[in-house]
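Since the structure comes first, as structure tokens, the remarks are kept for the end.
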Amino acid sequence: MAAQLPSIRALPRPAVRPRLSVRRLRLAGLPLDVVIPASVFVLVALACFVGPALFHIQGPSAGNLLATNLPPLSAGHLFGTNALGDDLLSLCLFGGRVSIEVGLGSVGLGLVIGTALGVSAGFFGGPAEATIMRVLDMLLAFPSLVIAATITTYLGQNEHNVIFAIAFFTVPAMARLARASTLKVRDRDYIAVARISGRPPRAIVVRHVLPNIAPQLMTFSILMVGTAILIEAALSFLGLGVPPPQPSWGQLIAAGQNVLQTQPWFIFEPGAFLLVTVLCLNLLGDALRIRWAEER
Amino acid sequence: MAVSRSDRALKSAVAPNASGAAAPSPATAGRLLEVEHLEVAFQVGASTVHAVNDVSFGIAEGRTLGIIGESGSGKSVTARTILGLLRASNVRVGGSIRFDGTELLGLSERRLSELRGSQIALVPQDPTRSLNPTVQIGKQIVEAIRLHEAVPREAAKRRAIDLLGRVRLPSPNQRFFEYPHQLSGGMRQRAVIAMALSCSPRLLIADEATTALDVTTQAQIMELLMDLQRDFNMAMLVISHDIAIAAAYTDEVAVMYAGRVVEHAPTGRLLEGVRMPYTQALLEAVPTIDRAPHAPLRVVPGVPPDPTHAIVGCAFAKRCPLVQEICTTETPALLEHLPLHSWACFVSGPEVAVERR
């Protein structure tokens, strides 16, 4: 009976066209959807931190009053200059330092404190968990920008306080994620086995809980850096971020607002930096999240 | 009252330390684990779930007890209670659990982990969830060894490789460095067993240890556990829903239903003549190769009773083919109707074994 049935060898091979998607492309064994945004972000960061020294770009407030309001692509001033003759490229690069420092700093703070709080709440439970989570819920209930603005106004405007203010939003967000991930891992049998064999709880957390929730936390952190940078820009835009003369992207955008009709590049230039940076972080975070979800 | 009678009989029945290996202390000559009148209740909202009711059994060193029952019969809760894993505030535990003469219930977490840490080990059900996916399996075993003994890393590593060999994991030298996802289910379960053995436990609890595996692997793992039990002279508590496993690999069987032990006997005696209709139903539900092809599988009709409500009468009455009026009004006690063989049923007496269909 089986002999009459056609063998699959005789059937025409289906034309399967591999779907073109960035997610499947690789460069030197590395997935492009991760590599591209990551390297662009690193480039922006390098440009901000070592670019000025490398290319002998003048300081952000070393303006020449004889060369004010130059348009982009002027000699020596690729991005043009502002009303004080300050180089706009230099302002953007030095402004980027603040954005990236604040983004990484506030998320780093959130990662450390939030993970500590969330993991202990999730792993140990009990009244401590309820207390920690309710307090953090209260913090999350505030609009992040409003609470950050309040804190910088109250504590004084400088970079540390901006980091601190944004951490008020990153800590509870991170803690909630850490707790949820911990709850998922807590009931795994390897933790029961570790408990039975007499491992102290702290060792269980370090050995078994943290490594297993690390992928979620890392992915979320990257997405959060983008959000933190946006909050920083918003604070600066409102004049509540780092005070001048230290430049920042939000501040530059705010300054450009007045001359939007005549000199739109005043806004587009820092805006483009902001856009590229946050977009890269979001793409990177998304790519990692998808990759991580597929591995499960 | 009734339970203590069967209890006494069992004590005399189980030969102390049958393998004759050197006993560490005279105290271990008796039964290693004794569970008496164990009760476990969970508070869920306003209702109380009685997961385990008045359960008593014991295991002597080097012997195997099987606890059999379907989902929700309380067998895993019993195991977790013995291990001291149920410590949530909504759990109430009554009765007594003695390990090597020490009462485990009411011990502080610290004392308990000292006591059980090196003496009781668990082989959980699902090998995909019982190894940490982020750590090499060899490393996990080394850590388990070094937790209880101050041995140098190198010596612990040699021990771990030796253990992996003893659980018959092929090429243990390479497997040592592999991560759990690189192993098949059966191989992972072998690694889990190696980890459980790393402290040379005196009691091994296998909680559905073969349920997630296919049948041939299941047999291999059970054979392996039996061999290791002999080598290490461990007592074993085998928890399973599969009565065939109990029949093949245990010395003694306790059948649980709705949180109670309903039949308890040495395995041989039990299989000679099952008395409790529920055990009979379980036996009949085992598919055999000589059944007519494509015949529907026999199942135990109905579902177990809702544990949130107090059960009036015999818990099995609604599903029992032999049900009589008394079964729905009074709860049968677990009585030792025959030497060593106790069951909880009003209908089947010592003279009539339940009819085999």
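Each chain gets a letter, A, B and so on, in the order its sequence line appears, and its residues count up from 1.
Within 6.0 Å of CZ in A:F142 there are 12 or fewer heavy atoms belonging to other residues, nucleotides or ligands. In this structure, A:R176 places its CZ atom where only 12 or fewer heavy-atom neighbours from other residues, nucleotides or ligands lie under 6.0 Å away. Atom CZ of A:F164 has 12 or fewer heavy atoms from other residues, nucleotides or ligands within 6.0 Å.
For the set B:L83, B:V123, B:L131, the entry with the most heavy-atom pairs within less than 4.5 Å of chain A is B:L131. The most heavy-atom pairs under 4.5 Å with chain A, out of B:H181, B:M195, B:E143, come from B:E143.
Interatomic distance, A:I191 CD1 to B:L85 CG, rounded to the nearest 0.5 Å: 11.5 Å. Rounded to the nearest 0.5 Å, atoms CD (B:Q119) and OG (A:S197) are 13.5 Å apart. Between B:T134 atom OG1 and A:I213 atom CD1 the span is 11.0 Å, to the nearest 0.5 Å. Expressed to the nearest 0.5 Å, how far CD1 of A:I196 lies from OG of B:S118 amounts to 13.0 Å. Note: A:R188 CZ to B:D126 CG = 9.5 Å, rounded to the nearest 0.5 Å.
Looking at B:L147, the atoms closer than 4.5 Å to chain A (heavy atoms on both sides) all sit in the side chain, from C-beta outward.
With B:H148 contributing its side chain and A:G198 its backbone, the two residues share no donor-acceptor pair below 3.5 Å. The backbone N or O of A:R207 sits less than 3.5 Å from a side-chain atom of B:N132, completing a donor-acceptor pair.
Summarising the geometry of B:R80 relative to A:D189, their closest heavy-atom pair is NH2-OD1, 3.6 Å, with the distance given to 0.1 Å. Annotation for A:Y190 and B:S130: closest pair CB-O, 3.3 Å, computed over non-hydrogen atoms.
Side-chain contact check for B:V135 versus A:P211: every heavy-atom pair is 4.5 Å or farther apart.
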